[in-house]
Visitor: 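Encoded as structure tokens, here's the structure I'll be asking about.
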Amino acid sequence: MSELIRIEFPDGKSKEYPRGIRPQDILKELGRSLAEKTFAAKFNDKVVDLDRPLQSDGNIRFLTWDDAEGKEVYWHSTSHIMAHAIKELYPEAQFGVGPPIEDGFYYDIDVNTPITAEEVAKIEAKMKAVIAADQPFRREEMSKEEAIQLFQQRADKYKLELLNDLADNRPSVYHEGAFVDLCRGPHLPSTGRVKNIKLLSVASAYWRGSEKNKMLQRIYGISFPKKEMLDEYLKRLEEAKKRDHRRLGQELELFLITPKVGGGLPMWLPKGTILRETLEKFMREEQRKRGYLPVVTPHIGNLNLYKTSGHYEHYKDSGFSTIKVEDEEYMLKPMNCPHHFQIYLAKPHSYRDLPIRLAEFGTVYRYEQSGELTGLTRVRGFTQDDAHMFVRQDQLKDELCDVIDLIQVVFRTLGFSDFTTRLSFRDPQNKNKYGGNDAQWEQAERDIKEAADACALKYFIGIGEAAFYGPKIDFMIRDVLGRTWQLGTVQVDYVMPERFNLEYTGNDNQKHRPVVIHRAPFGSLERFIAILIEHFAGAFPTWLAPVQAAILPITDAQLDYANKVKELLAAQEIRCVLDERNEKIGHKIREAELQKIPYMLVVGAKEAENTAVAVRKRRAGDLGSMPLEAVVQKIVEDIQSKSLE
RNA sequence: GCCACCAUAGCUCAGUAGGUAGAGCACCUCACUUGUAAUGAGGGGGUCGCGGGUUCGAUUCCUGCUGGUGGCUCCA
């Protein structure tokens with residue numbers, strides 16, 4: 001065996017080193033600045049500690065903050081530091097898991113002391129002490145038996161459970177000072193490499209995610225190499241709080257949720273209703289252009305309908321209790337499809353009729369656990385912009401492409417340019433969760449993939465994310481704060497047509513089964529609007545704004561003229577308000593700004609004389625006096641073009 | 001549903017080491033006639049989430065419930 005190994009670098013260059021050289025030795029050659037920002041190394045596609053001896057030829061890359069994997073190592077080590085601090089503060093504490101996550105890390109702990117804000121402050125202080133001590137992270141591999149013995153000594157029952165299930169026969173533990181943790185690693189060279197920490201929240205989580213297990217306390221935190229990064233992150237959290245749709249929904253009088261009516265049952269206030277109806281109108285218009293037929297169906301239906309569809313079986317835990325009417329049982333509808341199928345079935349169809357597209361803003365009701373309800377994003381009654389397409393097999397792909405196009409048009413119009421697509425397939429390991437047979441599923445998944453390819457969609461595949469009756473294309477929006485949300489959805493269904501015995505007569509005069517596409521671009525109006533509120537921080541583009549223009553007279557001497565301005569705007573269907581109050585202009589402007597009204601039209605003596613208005617654009621400030629006609633035209637243009645300004 | 005935390009005026013919040021509460025904004029009245037993010041003065045408004053307990057006395061301490069928040073499980 002040669003005593004030299006060849007290490008290749010990302011730039012393609014390579015160099016020979018003695019066998020057993022450690023990444024940190026190589027780093028020393030490469031200079032201090034890189035060494036200082038490197039957290040770990042990637043050797044032959046495996047992330048390793050910087051002091052791990054390299055035993056074979058291979059390529060190496062050094063991981064820094066700029067690599068997702070570098071961040072993971074950094075946060076993972078921080079989570080160990082937190083566990084270390086907790087162990088020192090509460091020696092009886094036992095530990096679950098403590099991984100890095102998208103933004104930071106958490107650790108699940110079992111400790112008798114409730115972790116209050118005070119305790120969090122103590123833990124943070126202790127963490128800083130651990131960091132200041134700059135103890136090295138030391139990896140130790142051992143046999144499974146040794147590891148079991150070690151954690152038995154420490155009476156760490158969760159770690160023992162993990163060890164027992166571990167496939168790896170040589171588990172690793174990491175030491176930092178007196179603290180030991182079962183861990184795959186890798187870690188930073190030492191605790192001192194972690195710089196700016198912040199514990200963010202305390203929550204709880206079932207051990208191993210199962211409701212049957214004990215609840216552990218989970219502490220979330222984050223850390224950054226630079227103080228400015230932490231400050232900026234905290235600022236972003238503050239910003240997110242200000243954008244929270246629940247807060248804006250109240251401040252801007254958009255919707256109301258009150259226990260007097262019931263949790264998860266939102267009511268739309270006048271301004272929110274304008275927003276909602278404007279979106280509905282937009283969708284109706286797009287659907288009309290694409291040949292959809294509007295229908296309306298009731299909010300409840302005979303239980304048998306849902307037994308036929310299979311919804312009852314799959315939704316009985318998430319549906320409201322049934323309603324007894326005479327001798328029949330009824331159910332609040334959890335989905336609109338069975339109703340739409342009845343409409344399809346009401347008359348025979350020829351292959352010439354297809355595709356038939358039935359669309360409805362259908363309100364559905366689902367029982368959600370009380371702890372799940374949040375604002376408009378998780379509710380018990382919500383309205384889907386639902387439609388069902390009954391298509392022939394040969395029309396399926398085109399129809400799917402048309403739907404994908406519609407969703408893209410809708411998202412782009414609303415300023416969601418950053419979205420990804422997930423093809424949600426069934427989990428082959430778990431076939432009994434789904435209806436239908438293998439052939440149907442394979443066909444449906446193939447159709448979806450072909451359509452996605454034909455439309456040049458960028459997508460990833462999510463195994464086990466399908467609906468019970470078919471695979472889906474789910475549209476995930478990334479909002480301005482970088483969070484992703486699942487909104488629009490398209491589903492191909494071979495199961496329901498069979499269950500409901502849907503048919504059409506083909507040109508061969510034989511009966512055929514149509515394929516059904518379920519789709520909802522917004523998904524749920526409630527959730528969509530919640531995201532929309534946060535996306536725009538309540539400052540909606542003019543076409544969506546509940547109030548599009550505020551007319552602000554300087555003194556009541558201009559009231560007559562101001563009323564004329566109002567009439568003129570109203571005649572163009574511009575939603576406007578006239579602030580007649582006896583207040584200073586600065587005050588009126590402040591309130592209009594706080595209400596995030598896009599256009600403020602200030603009218604004083606000069607404007608009244610010249611049939612003009614002084615335009616102030618939301619956030620942009622004073623644009624000066626302009627002829628009234630021109631301003632009206634500009635606002636109308638904004639509305640008609642659905643300008644995002 | 002589970003765990004932790006929280007609940008004071010319409011909103012945002014202060015306060016009472018146990019002696020039935022206060023500010024700002026909002027609302028009403030009056031004065032001011034105002035030029036690009038808060039004019040001034042006065043006034044009304046609270047069973048301190050709901051029930052029980054401890055106490056001479058509870059908004060404050062204990063306890064049960066309800067609702068909210070952060071998560072977990074589940075989902076559009």
Side-chain angles (χ1 to χ4, degrees), chain A residues 96 106 108 110 113-120 200-220 241 244 246-247 250-251 253 257-260 262-263 315 317-318 334-335 362 364 366-386 465 467 472 474-475 485-489 491 518 520-528 530-531 552-559 581-595 600-607 614-625:
Chain A
Y106 67 77
D108 286 347
D110 186 359
T113 320
I115 306 298
T116 56
E118 244 168 80
E119 300 298 318
V120 166
L200 297 168
S201 68
V202 183
S204 64
Y206 299 106
W207 166 236
R208 308 194 110 181
S210 166
E211 286 178 275
K212 296 185 192 96
N213 291 337
K214 184 167 180 184
M215 275 253 161
L216 307 180
Q217 299 195 69
R218 174 173 292 181
I219 305 174
Y220 285 90
K241 248 191 225 168
D244 189 310
R246 292 167 295 189
R247 174 183 171 145
Q250 180 181 298
E251 283 172 7
E253 296 179 8
I257 299 175
T258 156
K260 296 270 163 63
Y315 279 88
D317 294 332
S318 59
M335 289 193 147
V364 296
R366 297 180 191 173
Y367 165 73
E368 300 286 347
Q369 301 184 112
S370 55
E372 276 313 317
L373 304 173
T374 2
L376 291 180
T377 49
R378 206 60 195 279
V379 291
R380 286 181 174 156
F382 58 94
T383 302
Q384 298 177 313
D385 56 332
D386 210 356
E465 302 282 355
K472 307 188 282 180
D474 291 317
F475 290 81
W485 299 88
Q486 193 215 303
L487 295 168
T489 178
Q491 306 163 2
H518 308 240
F522 291 146
S524 116
L525 253 336
E526 282 73 9
R527 181 176 284 182
F528 193 87
I531 311 309
L552 311 176
I554 302 276
T555 76
D556 52 19
Q558 287 88 45
L559 273 182
R581 291 175 310 165
N582 191 0
E583 290 289 352
K584 290 191 152 185
I585 192 65
H587 190 224
K588 294 180 182 181
I589 283 173
R590 177 181 156 79
E591 300 209 335
E593 286 278 0
L594 288 174
Q595 283 296 305
M600 282 153 275
L601 310 179
V602 175
V603 297
K606 275 181 289 179
E607 285 76 20
V615 178
R616 184 190 166 101
K617 203 76 196 287
R618 175 179 61 199
R619 295 199 282 216
D622 190 1
L623 303 182
S625 214

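Sequence lines set the chain letters: A, B, ... in the order given, protein chains first and strands last, and positions in each chain run from 1.
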Visitor: Would you kindly give the CD1-to-C1' distance between I115(A) and C3(B), to the nearest whole Å?
Guide: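 My rounded result for the distance is 13 Å.
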Visitor: Just checking, is any N or O donor in the side chain of R218(A) or Y220(A) under 3.5 Å from an acceptor N or O on the other one?
Guide: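 Result is yes, a qualifying pair exists.
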Visitor: Counting only Watson-Crick pairs (N1-N3 plus N6-O4 or O6-N4) and G-U wobbles (N1-O2, O6-N3), all under 3.5 Å, who is the partner of A23(B)?
Guide: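 The base-pairing partner of A23(B), which may sit in any strand shown, is U12(B).
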Visitor: Looking for any heavy atom pair under 4.0 Å, which part of the strands does E593(A) touch: base, sugar-phosphate only, or nothing?
Guide: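 Touches a base.
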Visitor: Give one of base, sugar-phosphate or nothing for R616(A), where a contact means two heavy atoms less than 4.0 Å apart.
Guide: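 If one applies the 4.0 Å heavy-atom cut-off, R616(A) turns out to touch a base.
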Visitor: OP1 or OP2 of U69(B) sitting under 4.0 Å from any side-chain N/O of R246(A)?
Guide: yes
Visitor: Picking from A26(B), G67(B), A76(B), which would you name as closest to the side chain of E591(A)?
Guide: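 Closest of the options to the side chain of E591(A): A26(B).
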Visitor: Which nucleotide, in any strand shown, forms a Watson-Crick or G-U wobble pair with C48(B), with both distances under 3.5 Å?
Guide: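 Result: none.
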Visitor: Nearest to the side chain of Q250(A), heavy atoms from C-beta on, is which of U39(B), A76(B), C11(B)?
Guide: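 The listed nucleotide nearest to Q250(A)'s side chain is C11(B).
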Visitor: Could you tell me how far G10(B) sits from C50(B) if I compare only their P atoms? Round to whole Å.
Guide: 12 Å
Visitor: Counting any heavy atom closer than 4.0 Å, what does Q369(A) reach on the DNA or RNA strands: base, sugar-phosphate only, or nothing?
Guide: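 Touches a base.
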Visitor: Side chain of S370(A) only, heavy atoms from C-beta on: which candidate in C74(B), G1(B), A37(B) is closest?
Guide: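 Closest of the options to the side chain of S370(A): G1(B).
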Visitor: How is G371(A) classified with respect to the nucleic acid when contacts are heavy atoms under 4.0 Å: base, sugar-phosphate, or nothing?
Guide: base
Visitor: Take atom NE2 of H518(A) and atom P of A76(B), then tell me their distance rounded to the nearest Å.
Guide: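 Interatomic distance, NE2 of H518(A) to P of A76(B): 13 Å.
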Visitor: Do Q558(A) and G35(B) share a donor-acceptor pair, side chain to base, under 3.5 Å?
Guide: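 Check fails, no donor-acceptor contact within cut-off.
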Visitor: Using atom P in both nucleotides, what's the gap between G49(B) and C6(B) to the nearest angstrom?
Guide: 14 Å
Visitor: Base, sugar-phosphate, or nothing: which does K606(A) touch, judged by heavy atoms less than 4.0 Å apart?
Guide: base
Visitor: Checking all strands, does V379(A) fall into the base, sugar-phosphate, or nothing category for heavy-atom contacts under 4.0 angstrom?
Guide: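 Touches a base.
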Visitor: So, applying side-chain contact (heavy atoms from CB on, under 4.5 Å) with E583(A), which one of E591(A), K588(A), R590(A) is it?
Guide: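 That would be K588(A); it is the only one of E591(A), K588(A), R590(A) passing the side-chain contact (heavy atoms from CB on, under 4.5 Å) with E583(A).
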Visitor: Assess, by modelled atom type and distance only, whether the side chains of Q486(A) and T489(A) contain a donor and an acceptor separated by less than 3.5 Å.
Guide: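 Judged by distance alone, the side chains do not pair up.
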Visitor: Under 4.0 Å, heavy atoms only, any strand: does I554(A) hit a base, just the sugar-phosphate, or nothing?
Guide: base
Visitor: When you measure from the side-chain N and O atoms of H587(A) to the phosphate of U33(B), is any distance below 4.0 Å, counting only OP1 and OP2?
Guide: no
Visitor: Which is more 5' along RNA chain B, the nucleotide nearest I589(A) or the one nearest L373(A)? Just name the residue.
Guide: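 The residue mapped nearer the 5' terminus is I589(A).
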Visitor: For nucleotides G51(B) and C56(B), find the distance between their P atoms and express it as a whole number of Å.
Guide: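 Pairwise P distance, G51(B) against C56(B), rounds to 23 Å.
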Visitor: Could you check which of G67(B), U36(B), C3(B) has an atom nearest any side-chain atom of M215(A)?
Guide: C3(B)
Visitor: With no angle test and no hydrogens, is the base of C72(B) tied to the side chain of R208(A) by a donor-acceptor pair under 3.5 Å?
Guide: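 A donor-acceptor contact between them is absent.
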Visitor: Select one nucleotide: of A38(B), U36(B), G70(B), the one nearest the side-chain heavy atoms of T374(A).
Guide: G70(B)
Visitor: Separation of R380(A) atom CZ from G67(B) atom P, in whole Å?
Guide: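 In whole Å, G67(B) P and R380(A) CZ are 9 Å from each other.
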Visitor: Taking only Lys NZ, Arg NE, NH1 and NH2, and the carboxylate oxygens of Asp or Glu, determine whether R616(A) and E593(A) approach each other closer than 4.0 Å.
Guide: yes
Visitor: For the pair made of NZ in K584(A) and C1' in A37(B), what is the distance, rounded to whole Å?
Guide: 13 Å
Visitor: Roughly how many Å is it from NZ in K260(A) to P in C50(B), rounded to a whole number?
Guide: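 That distance rounds to 11 Å.
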Visitor: Determine the Euclidean distance between corresponding P atoms of G44(B) and U29(B); express it in Å to zero decimal places.
Guide: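 Approximately 15 Å lies between the P atom of U29(B) and that of G44(B).
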Visitor: Taking all atoms of both residues into account, what is the closest heavy-atom pair of R380(A) and G263(A), and its distance?
Guide: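 Minimum heavy-atom contact is CD-O, 3.8 Å.
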Visitor: Atom CG of L552(A) and atom P of A38(B): how far apart are they, to the nearest Å?
Guide: 14 Å
Visitor: I need the minimum non-hydrogen distance between W485(A) and I531(A), along with the two atoms involved.
Guide: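 Heavy-atom minimum between the residues: CD2-CD1, 3.3 Å.
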Visitor: Heavy atoms from C-beta onward define the side chain here; which of C2(B), U36(B), A76(B) lies closest to that of A614(A)?
Guide: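 Per side-chain heavy atoms of A614(A), the pick is U36(B).
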Visitor: Does any donor-acceptor pair link the side chain of Y206(A) with the base of G71(B) at a separation under 3.5 Å?
Guide: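 Under the 3.5 Å cut-off, the side chain and the base do not form any donor-acceptor pair.
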Visitor: Report the distance from atom CD of E583(A) to atom C1' of A31(B), rounded to the nearest whole Å.
Guide: 13 Å
Visitor: Which base, if any, makes a Watson-Crick or G-U wobble pair with A4(B), both distances under 3.5 Å?
Guide: U69(B)
Visitor: Side chains of T377(A) and E526(A) only: does a donor on one sit below 3.5 Å from an acceptor on the other?
Guide: no
Visitor: Please measure how far the C1' atom in G24(B) lies from the corresponding atom in G40(B), and state the result in whole Å.
Guide: 16 Å
Visitor: With nearest nucleotides of RNA chain B determined for L487(A) and V602(A) from heavy-atom distances, which residue corresponds to the more 5′ nucleotide?
Guide: V602(A)
Visitor: Using the C1' atoms only, state how far A23(B) lies from A9(B), rounded to an integer number of Å.
Guide: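 A9(B) and A23(B) have their C1' atoms separated by 11 Å.
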Visitor: A520(A) near the nucleic acid: base, sugar-phosphate alone, or nothing, with a heavy-atom cut-off under 4.0 Å?
Guide: nothing
Visitor: Check every strand shown and say whether G209(A) touches a base, only sugar-phosphate, or nothing at a heavy-atom separation below 4.0 Å.
Guide: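 Sugar-phosphate contact only.
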Visitor: Which nucleotide, C72(B), C75(B), G35(B), lies nearest any side-chain atom of Y220(A)?
Guide: C72(B)
Visitor: Please answer whether the main-chain N or O of Q217(A) pairs with a side-chain N or O of D110(A) as donor and acceptor at a distance below 3.5 Å.
Guide: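 Pair absent, no side-chain N/O of D110(A) close to backbone of Q217(A).
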Visitor: How would you label the contact of A203(A) with the nucleic acid (heavy atoms, under 4.0 Å): base, sugar-phosphate, or nothing?
Guide: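 Base contact.
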Visitor: Does S201(A) make a side-chain donor-acceptor contact with the base of G71(B), cut-off 3.5 Å?
Guide: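 No pair found.
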Visitor: So, are R378(A) and E368(A) salt-bridged, with charged N and O less than 4.0 Å apart?
Guide: yes
Visitor: In terms of side-chain heavy atoms of R378(A), which of U36(B), C75(B), G1(B) is nearest?
Guide: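 Of the options given, the side chain of R378(A) lies nearest C75(B).
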Visitor: Scan Q491(A) against the nucleic acid and name what it touches under 4.0 Å (heavy atoms): base, sugar-phosphate only, or nothing.
Guide: nothing
Visitor: Sticking with atom C1', work out how far C72(B) lies from C13(B), rounded to a whole angstrom.
Guide: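 It comes out at 31 Å once rounded to the nearest Å.
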Visitor: In whole Å, measure the gap between the C1' atoms of A21(B) and G15(B) for me.
Guide: 8 Å
Visitor: Expressed in angstrom and rounded to an integer, what is the separation of K214(A) atom NZ from G71(B) atom C1'?
Guide: 17 Å
